[in-house]
Amino acid sequence: MNKELKNWQKLDSEHHLHPFTDHGELAEKGTRVITKGDGVYIWDAQGNQILDGMSGLWNVNLGYGRDELSKAAYEQMQELPYYNNFFQCTHPPAIELSRVIGELAPDHLNHVFFTGSGSESNDTVLRMVRYYWSLLGHPNKQIILGRNNAYHGSTVAGASLGGMTGMHQQGGLPIPGIDHIQQPYWYGEGGDLDPDEFGVNVARDLERAIEEHGVENVAAFIAEPIQGAGGVIIPPDSYWPEVQKICDRYGILLIADEVITGFGRLGEWFGSTFYKIKPDMIPFAKGVTSGYLPLGGVLVSDRVAGTIIEEGGEFAHGFTYSGHPAACAVALKNIELIKKENILDSVKHSIAPYLRDKWLSLGDHPIVGEARIKGLMGAIELTNDKVKRSRFPSDFNTGSLCRDISIKNGLVMRAVGDSMIIAPPLIINHEEIDELVDKARTTLDETQEAVQKL
Ligand SMILES: *Cc1c(COP(=O)(O)O)cnc(C)c1O
């Protein structure tokens with residue numbers, strides 16, 4: 001096995017360019033080769049069993065090894081492996097899935113534009129928002145407001161709408177017509193303010209930006225209900241109601257990027273329902289197929305879809321794999337299983353509350369400044385001073401250190417700077433949650449020991 005692993009690592013470093021990876025570091029450490037998955041566990045090439053606390057990349061919501069999902073893909077591929085939805089064509093899986101997703105969504109969202117990923121969904125959002133306003137005779141309404149440290153994908157539009165400075169620095173982003181406002185990150189930026197007071201202040205940064213650009217130039221605001229890749233940033237309760245009020249008052253479109261929060265992660269079909277907001281568009285991807293095949297899309301409100309259908313000619317946009325039949329078939333089966341197995345109820349009333357109690361107990365650890373969680377999205381902030389909420393010196397790379405220790409201990413946690421985050425599969429059970437939190441605590445103990453030696 002080890003010889004095979006060495007060979008894979010050699011070939012990988014000779015031929016494979018990785019997303020979001022420092023290749024120098026990679027060559028030194030060697031890639032982790034994952035070969036198998038079952039339930040909430042993955043196995044690496046050395047046979048180590050690891051609890052996947054991140055559901056792959058927030059997407060393997062029903063866990064690994066679900067035959068029903070693979071069979072759905074296989075059967076659809078035998079019947080019709082590919083056809084497109086361009087030029088007045090369609091196929092049954094796309095028709096059926098758009099109906100089903102429309103039914104699950106809040107009442108005013110009844111149309112779906114399919115894509116192959118979350119990034120493509122946000123490219124679609126950018127083009128559709130601008131197209132919508134120009135159809136209504138407001139071609140100047142072009143500016144889309146996003147937030148610092150938001151993640152909306154890796155294409156040019158996705159990375160521009162997102163607020164990741166590291167991404168903006170590569171390739172001259174953001175593109176024109178996009179601006180970013182403050183994020184609702186109380187632990188990191190809230191100072192002495194009460195969280196709810198901070199939440200309202202940060203929401204009002206949206207109002208400031210609209211006034212600054214002039215409402216006649218502002219098209220939309222895009223945000224994740226809970227920021228995922230930014231470090232599981234859970235807004236204070238006061239935040240979303242205030243944002244909704246501002247969008248309504250100025251009549252700009254609200255886009256809820258639900259690529260992570262859609263399809264059950266917060267115990268509801270959509271995070272918009274969880275936070276009681278009324279978005280005009282919901283880009284989704286990831287969990288819609290539990291990651292078994294790539295699929296994304298944008299749920300579009302009656303207001304926007306109606307304008308495009310009635311006022312528009314051809315919307316000159318689409319992807320070869322917009323609504324791939326096999327991916328749609330998997331999504332339909334995934335949704336059917338979520339319903340049949342009462343996954344949302346289980347997340348809401350059993351799994352999330354159980355995980356919450358355990359996860360928050362990590363807050364008492366000496367190197368944890370805050371533990372926070374909503375639904376099945378959690379974070380812990382590593383600190384060298386619980387009161388001041390300060391960070392370890394940056395050259396310690398405490399987050400990466402902690403992640404490597406965690407994986408050695410058989411648990412995938414992801415590091416975002418010095419925040420450790422989790423988003424386990426929705427099918428995790430109580431015993432597996434005990435294992436997850438025990439391993440996280442051991443990892444924190446060992447991380448504390450390791451940083452003391454630095
Ligand atoms: C992952 C993610 C995306 C991008 O999705 P891809 O399928 O990787 O293109 C967009 N928005 C959010 C909120 C995400 O988490």
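Both ligands and their constituent atoms are indexed starting at 1 by order of listing.
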A.B. asks: With hydrogens left out, which residues have an atom under 4.0 Å from ligand 1, given that only heavy atoms count?
C.D. replies: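 Shell around ligand 1 (4.0 Å, heavy atoms): Ser117, Gly118, Ser119, Asn122, Tyr151, His152, Gly153, Glu224, Asp257, Val259, Ile260, Lys286.
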A.B. asks: For residues 370-382, tabulate all N or O donor-acceptor pairs below 3.5 Å that involve a side-chain atom, not counting sequence neighbours.
C.D. replies:
{"residue": "Glu370", "atom": "OE1", "partner": "Arg372", "partner atom": "NH1", "Å": "2.7"}
{"residue": "Arg372", "atom": "NE", "partner": "Val232", "partner atom": "O", "Å": "2.8"}
{"residue": "Arg372", "atom": "NH1", "partner": "Glu381", "partner atom": "OE2", "Å": "2.8"}
{"residue": "Arg372", "atom": "NH2", "partner": "Gly231", "partner atom": "O", "Å": "2.9"}
{"residue": "Arg372", "atom": "NH2", "partner": "Val232", "partner atom": "O", "Å": "3.2"}
{"residue": "Arg372", "atom": "NH2", "partner": "Glu381", "partner atom": "OE2", "Å": "3.0"}
{"residue": "Glu381", "atom": "OE1", "partner": "Tyr185", "partner atom": "OH", "Å": "3.2"}
{"residue": "Glu381", "atom": "OE1", "partner": "Arg391", "partner atom": "NH1", "Å": "2.8"}
{"residue": "Glu381", "atom": "OE1", "partner": "Arg391", "partner atom": "NH2", "Å": "3.2"}
{"residue": "Glu381", "atom": "OE1", "partner": "Ser419", "partner atom": "OG", "Å": "3.1"}
{"residue": "Glu381", "atom": "OE2", "partner": "Tyr185", "partner atom": "OH", "Å": "2.7"}

A.B. asks: Parallel, tilted or perpendicular: which describes the rings of His324 and Tyr82, with under 30° parallel and over 60° perpendicular?
C.D. replies: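 Correct class here is tilted.
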A.B. asks: Return all side-chain donor-acceptor pairs below 3.5 angstrom for residues 254-264, not counting sequence neighbours, or 'none' if the list is empty.
C.D. replies:
{"residue": "Asp257", "atom": "OD1", "partner": "Val259", "partner atom": "N", "Å": "3.0"}
{"residue": "Asp257", "atom": "OD2", "partner": "Asn122", "partner atom": "ND2", "Å": "3.0"}
{"residue": "Asp257", "atom": "OD2", "partner": "His152", "partner atom": "ND1", "Å": "2.7"}
{"residue": "Glu258", "atom": "OE1", "partner": "Thr261", "partner atom": "OG1", "Å": "2.7"}
{"residue": "Glu258", "atom": "OE1", "partner": "Gly271", "partner atom": "N", "Å": "2.5"}
{"residue": "Glu258", "atom": "OE2", "partner": "Gly271", "partner atom": "N", "Å": "3.2"}
{"residue": "Glu258", "atom": "OE2", "partner": "Ser272", "partner atom": "N", "Å": "2.7"}
{"residue": "Glu258", "atom": "OE2", "partner": "Ser272", "partner atom": "OG", "Å": "2.5"}

A.B. asks: Enumerate the side-chain hydrogen bond (donor to acceptor under 3.5 Å, both in side chains) contacts for residues 286-301, please, sequence neighbours excluded, ordered by first and then second residue.
C.D. replies: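 Sorted result for residues 286-301: Ser290-Asn334.
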A.B. asks: With ring centroids as reference points, do His317 and Tyr131 lie under 6.0 angstrom apart?
C.D. replies: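 Centroid distance His317-Tyr131: not below 6.0 Å, so no.
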A.B. asks: Side-chain contact test, heavy atoms from C-beta onward, threshold under 4.5 Å: evaluate it for Asn85 versus His91 and give yes or no.
C.D. replies: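 They are in contact (side-chain heavy atoms under 4.5 Å apart), so the answer is yes.
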